[in-house]
**Student:** 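Here you go, one structure.
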Amino acid sequence: WRDWSSDVCSSDLNQAFEEKVIKPLESRFTMGLRMKGNFTYCGIRVESHDDGSISLDQDEYLDSIEDIQLDKKRWKEEESSCTPDELTIFRGKLGELMWLSGQTRPDLGMITSSLASRVADLKVSDLAMAQAALDMARGTRYKIWYRPILKDVDQLGLHVFFDAIL
């Protein structure tokens, strides 16, 4: 078991939180990147608000995703099987949509799940569905909000989530 953490992201929380939570964590674990306040991390914009809440969105990431480019004639061949190159394009778009869905856009969960089930027998109509999902995501902007629930930092409990790095 290692006493190490790669990154710490926090909002502009009060001084008591900094003293009672962040500093003890930093004294126990080796920290890499430390970001505070408003920042973008892995395509996720984190904003701290005056009321102590934190919002997350991926609008800039979403705007960077390119449309699926197909010849107009090819778009009309809806029931045709996709070429290997089209399959590669689809997988890329699916990955981008799944990143959105898994981080800040749970509203895209159903469509990304449905699209993922189509990979084995991909048709041009599935490419159109992926493009439509991307268009829908661009037309609806959402934020995930975390509102403060504690008035006293001494009531704080710590929940730890980590990835495969052990």
Side-chain angles (χ1 to χ4, degrees), residues 1-2 4-13 25 29-49 53-149 158-166:
W1 193 264
R2 293 188 286 182
W4 183 81
S5 174
S6 60
D7 306 319
V8 173
C9 302
S10 65
S11 72
D12 287 326
L13 298 169
L25 284 173
F29 300 101
T30 302
M31 302 295 178
L33 181 63
R34 171 89 192 268
M35 291 184 273
K36 196 173 172 181
N38 298 332
F39 55 89
T40 299
Y41 182 73
C42 293
I44 302 169
R45 184 173 46 206
V46 179
E47 292 182 84
S48 298
H49 303 278
S53 64
I54 301 168
S55 64
L56 309 176
D57 72 68
Q58 290 179 283
D59 290 349
E60 289 178 30
Y61 173 74
L62 177 57
D63 291 338
S64 75
I65 300 174
E66 296 180 9
D67 287 336
I68 297 173
Q69 301 295 320
L70 286 184
D71 182 276
K72 284 184 181 183
K73 181 181 174 187
R74 182 67 173 145
W75 280 118
K76 293 178 182 178
E77 300 171 7
E78 294 178 0
E79 293 308 309
S80 294
S81 294
C82 286
T83 66
D85 286 344
E86 291 167 343
L87 177 59
T88 298
I89 290 167
F90 179 83
R91 284 182 171 155
K93 291 302 156 217
L94 179 58
E96 291 168 328
L97 287 165
M98 290 178 87
W99 176 245
L100 286 166
S101 173
Q103 301 304 309
T104 62
R105 294 294 303 268
D107 59 306
L108 300 175
M110 181 62 190
I111 189 68
T112 56
S113 177
S114 179
L115 288 168
S117 72
R118 301 295 307 144
V119 172
D121 186 32
L122 195 67
K123 306 280 190 224
V124 173
S125 60
D126 299 316
L127 287 171
M129 188 186 302
Q131 182 60 50
L134 182 54
D135 293 341
M136 183 203 66
R138 287 183 183 139
T140 54
R141 304 296 173 125
Y142 295 109
K143 292 180 184 280
I144 301 288
W145 285 84
Y146 295 96
R147 305 243 183 237
I149 57 173
L158 181 62
H159 297 269
V160 178
F161 300 91
F162 57 92
D163 60 18
I165 299 174
L166 297 176

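Start at 1 with the first residue, then count along the sequence.
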**Student:** Are any non-hydrogen side-chain atoms of Leu108 and Tyr142 less than 4.5 angstrom apart?
**Tutor:** no
**Student:** Considering all heavy atoms of both residues, which atom of Val119 and which atom of Phe90 are nearest to each other, and what is their separation?
**Tutor:** CG2-CE2, 3.7 Å
**Student:** Looking only at heavy atoms, which two atoms of Trp145 and Ser53 are closest? And how far apart?
**Tutor:** CZ3-OG, 3.4 Å
**Student:** Under the side chain to side chain contact (heavy atoms under 4.5 Å, CB included) rule, what do Met129 and Arg118 come out as? Steps first, then yes or no, please.
**Tutor:** CA-CA 11 Å; Met129 188 186 302; Arg118 301 295 307 144; 5.8 Å; no
**Student:** If I take atom CG from residue Leu115 and atom NZ from residue Lys93, how far apart are they, to the nearest 0.5 angstrom?
**Tutor:** 13.0 Å
**Student:** Mind checking the CG-CZ spacing from Leu56 to Arg105? Nearest 0.5 Å is all I need.
**Tutor:** 13.0 Å
**Student:** Walk me through whether Ser80 and Arg74 qualify under side chain to side chain contact (heavy atoms under 4.5 Å, CB included).
**Tutor:** CA-CA 9 Å; Ser80 294; Arg74 182 67 173 145; 3.3 Å; yes
**Student:** Just verifying a value: how many Å separate Leu62 CG and Arg141 CZ, rounded to the nearest 0.5 Å?
**Tutor:** 4.5 Å
**Student:** Can you tell me how far apart NE2 (His49) and CZ (Arg147) are? Round to the nearest 0.5 Å.
**Tutor:** 8.0 Å
**Student:** Does a side-chain N-to-carboxylate-O contact under 4.0 Å join Arg138 and Asp135?
**Tutor:** yes
**Student:** Any donor-acceptor pair under 3.5 Å linking the side chain of Ser113 with the backbone of Met110?
**Tutor:** no
**Student:** Checking Ser101 side chain against Leu97 main chain: does a donor-acceptor pair fall under 3.5 Å?
**Tutor:** no
**Student:** Restricting to non-hydrogen atoms, name the atom on Asn38 and the atom on Glu47 that form the minimum distance, rounded to 0.1 Å.
**Tutor:** OD1-CA, 3.1 Å
**Student:** Ignoring hydrogens and geometry beyond distance, is a side-chain donor-acceptor pair present between Arg45 and Thr104 at under 3.5 Å?
**Tutor:** no
**Student:** Can you see which heavy atom on Asp57 is nearest to which on Asp59, and at what distance?
**Tutor:** OD1-N, 3.0 Å
**Student:** Side chain to side chain contact (heavy atoms under 4.5 Å, CB included), that's the test. Do Leu134 and Ile68 meet it? Break it down for me.
**Tutor:** CA-CA 9 Å; Leu134 182 54; Ile68 297 173; 5.9 Å; no
**Student:** What is the minimum heavy-atom distance between Tyr61 and Leu100, and which atoms define it?
**Tutor:** CD2-CD2, 3.7 Å
**Student:** Can you name the closest pair of heavy atoms from Leu122 and Glu86 and give their distance?
**Tutor:** CD2-O, 4.4 Å
**Student:** Would you please test Val124 and Lys76 for side chain to side chain contact (heavy atoms under 4.5 Å, CB included) and show each step?
**Tutor:** CA-CA 8 Å; Val124 173; Lys76 293 178 182 178; over 6 Å; no
**Student:** Quick check: do Gln69 and Ile89 have side-chain heavy atoms less than 4.5 Å from each other?
**Tutor:** no
**Student:** With rounding to the nearest 0.5 angstrom, report the CD to CD distance, Gln58 to Glu60.
**Tutor:** 11.0 Å
**Student:** Rounded at 0.5 Å granularity, tell me how far SG in Cys82 sits from CZ in Arg91.
**Tutor:** 11.0 Å
